[in-house]
Every structure is written in C-alpha cells, then in structure tokens.
Amino acid sequence: TATYVYNFTDTTDNFARKCSYNSISPVAINFTGCYWQYYSSSQIGNLNNTDGNRNSWLCMNSRCHLQYNFTIDQPINSITNLSVRFVGYDNYGMMGDGKLSFHIWNWTSFSWKEIANSVGGSSDKNFTGSFTSANDFINATTKVLWLSVVGGNDLACFLPDTKILMADK
C-alpha cells in the first residue's frame, strides 16, 4: 500500500481561502455572497508548520468560513482510504457559541458532509475523518477535493492535510 500526503507545500495545485459570512452552515464552493481572501505566502507557511504558529482569523460580527482546495494526482479508483485532518480551535469570541465544524465537499450530492464539530476552547482539537471510497469526494474530472471549516469570529487554526492510501497495482 502506498501513502500520499497532501498539504500546502504545493501551492500551485493547492490553495486556501477565507470569507466572513453570518451562517453556521458552510457556504458552497461556488458561493459568491462574500469576498474570498486567498491566504498569503506567510499564512500558507503557517499551515505547513507544527511549531505552534497559527493563522488567527477575526471575522467581526460574522462567522469565519475557511476553505481548502487540494488537487489529487492519484487515480481515484485506486484509492482505498481517504483520511482528512484539521487542527484548530474557536475562542468563543463575539458570536458567543464557540462552534467549530469541519466538512468535506461531496461532489455526488453537491453539498458539504460534516466530519466533526466541537464547542469552544483555547486549545487545539484534532478533527479527523476517514472514508473507504473517494468517489464522492474527489471530482472525477478536475481531481479536486475541498475541505471547509466554519467557526465563530475568533478562529485559530493550522495544518489541514489529506492522506491517501492506495492499493498496490
């Protein structure tokens, strides 16, 4: 079995973006109701490190919506396990509820599937999800996988990554 890890060391095929929007549900990948800000090179650098540096987002009077796009190189039908991870927390902030949720885009239903959620705190939570089929989550044509995180207005996060296990051919 071969293992492939996708993170933001490849910024040509992978990118991250953020918007402020007052909805607890994640916004669609083609959503135009907010201004998408793409991560700077230093913010991308924070995603790639486990040294304690975090991207800290303040989304005044709104919720932070983070989206992560990965282009997968491996043949989808050879993937035997798709694992995704996000590490971060929501500091309650002005939205008051401290809710944080992690999602993966389902290309079949054209909607988000929640992987995990939690309520508040000031220390990292490790959100993980594992799927035995990648067919619903990696676009067959573009080979793109989307992850989303929705938090309150005070969100600290790093290290979204995707691990793919493939059967030997």
Side-chain angles (χ1 to χ4, degrees), residues 1-19 24-31 38-39 43-57 63-90 98-121 123-151 155-169:
T1 302
T3 301
Y4 301 90
V5 175
Y6 288 83
N7 54 34
F8 289 96
T9 54
D10 172 4
T11 56
T12 301
D13 293 323
N14 307 323
F15 64 86
R17 65 186 186 174
K18 166 222 173 244
C19 82
I24 198 162
S25 299
V27 296
I29 59 173
N30 58 353
F31 184 69
Y38 289 81
Y39 284 34
Q43 291 165 334
I44 290 291
N46 287 343
L47 291 176
N48 291 328
N49 294 318
T50 58
D51 61 4
N53 288 334
R54 301 286 190 275
N55 287 320
S56 183
W57 302 111
R63 293 194 178 275
C64 290
H65 291 258
L66 311 179
Q67 290 185 350
Y68 305 98
N69 173 295
F70 296 95
T71 301
I72 307 302
D73 296 328
Q74 285 65 41
I76 298 169
N77 61 353
S78 298
I79 297 173
T80 58
N81 185 277
L82 171 64
S83 298
V84 294
R85 177 175 67 134
F86 172 80
V87 178
Y89 61 92
D90 182 356
K99 290 182 179 175
L100 179 66
S101 59
F102 181 41
H103 308 262
I104 189 168
W105 185 256
N106 183 317
W107 289 98
T108 304
S109 65
F110 211 67
S111 64
W112 291 106
K113 174 180 177 50
E114 185 174 278
I115 297 168
N117 66 70
S118 76
V119 176
S123 61
D124 285 333
K125 292 175 179 56
N126 195 1
F127 297 95
T128 59
S130 184
F131 308 92
T132 56
S133 172
N135 293 332
D136 290 338
F137 306 113
I138 299 173
N139 183 289
T141 304
T142 63
K143 300 185 93 175
V144 166
L145 175 136
W146 282 94
L147 300 174
S148 175
V149 174
V150 179
L155 183 62
C157 58
F158 83 117
L159 202 64
D161 64 14
T162 302
K163 185 180 290 183
I164 292 177
L165 298 178
M166 293 181 55
D168 293 330
K169 288 282 181 177

Inset, instruction - For the pair Phe86 and Tyr68, name the ring-plane relationship: parallel under 30°, tilted 30 to 60°, perpendicular over 60°. - result: tilted
Inset, instruction - Give the minimum heavy-atom separation between Glu114 and Ser101, together with the two atoms involved. - result: OE1-CB, 3.8 Å
Legend entry - Where Ser130 and Asn81 come nearest, the two heavy atoms and their spacing: OG-ND2, 2.9 Å
Legend entry - Beyond-backbone contact of Trp112 with Ser25, side-chain heavy atoms, under 4.5 angstrom: no
Legend entry - Trp107 and its side chain to side chain contact (heavy atoms under 4.5 Å, CB included) partner, picked from Thr141, Ile29, Asp136: Ile29
Inset, instruction - State, with a plain yes or no, whether a side-chain heavy atom of Leu82 is found less than 4.5 Å away from one of Leu145. - result: yes
Inset, instruction - Determine whether Ile138 and Ile79 make a side-chain contact, defined as any pair of heavy atoms from C-beta on separated by less than 4.5 Å. - result: yes
Legend entry - For Thr132, side-chain hydrogen bond (donor to acceptor under 3.5 Å, both in side chains) partners two or more places apart: none
Inset, instruction - Please work out whether the ring planes of Phe137 and Phe131 are parallel, tilted or perpendicular, with thresholds of 30° and 60°. - result: tilted
Inset, instruction - Could you tell me which residues satisfy side-chain hydrogen bond (donor to acceptor under 3.5 Å, both in side chains) with Thr71, sequence neighbours excluded, listed by chain and number? - result: none
Inset, instruction - Looking only at non-hydrogen atoms, find the nearest pair between Asp73 and Lys143 and report the distance. - result: O-NZ, 3.1 Å
Inset, instruction - Over 60° means perpendicular and under 30° means parallel, so classify the ring planes of Trp105 and Phe110, tilted if in between. - result: perpendicular
Inset, instruction - Would you check if the side chain of Lys113 reaches a backbone N or O of Ile104 as a donor-acceptor pair within less than 3.5 Å? - result: no
Legend entry - Residue pair Leu100, Phe127: steps toward the side-chain contact (heavy atoms from CB on, under 4.5 Å) verdict: CA-CA 10 Å; Leu100 179 66; Phe127 297 95; 3.4 Å; yes
Legend entry - Thr128 and Asn126 side chains, donor-acceptor separation under 3.5 Å: no
Inset, instruction - Can you measure from CZ (Phe102) to CZ (Arg85) and round to the nearest 0.5 angstrom? - result: 9.5 Å
Inset, instruction - Could you tell me whether the side chain of Val27 reaches within less than 4.5 Å of the side chain of Gln67, counting heavy atoms only? - result: yes
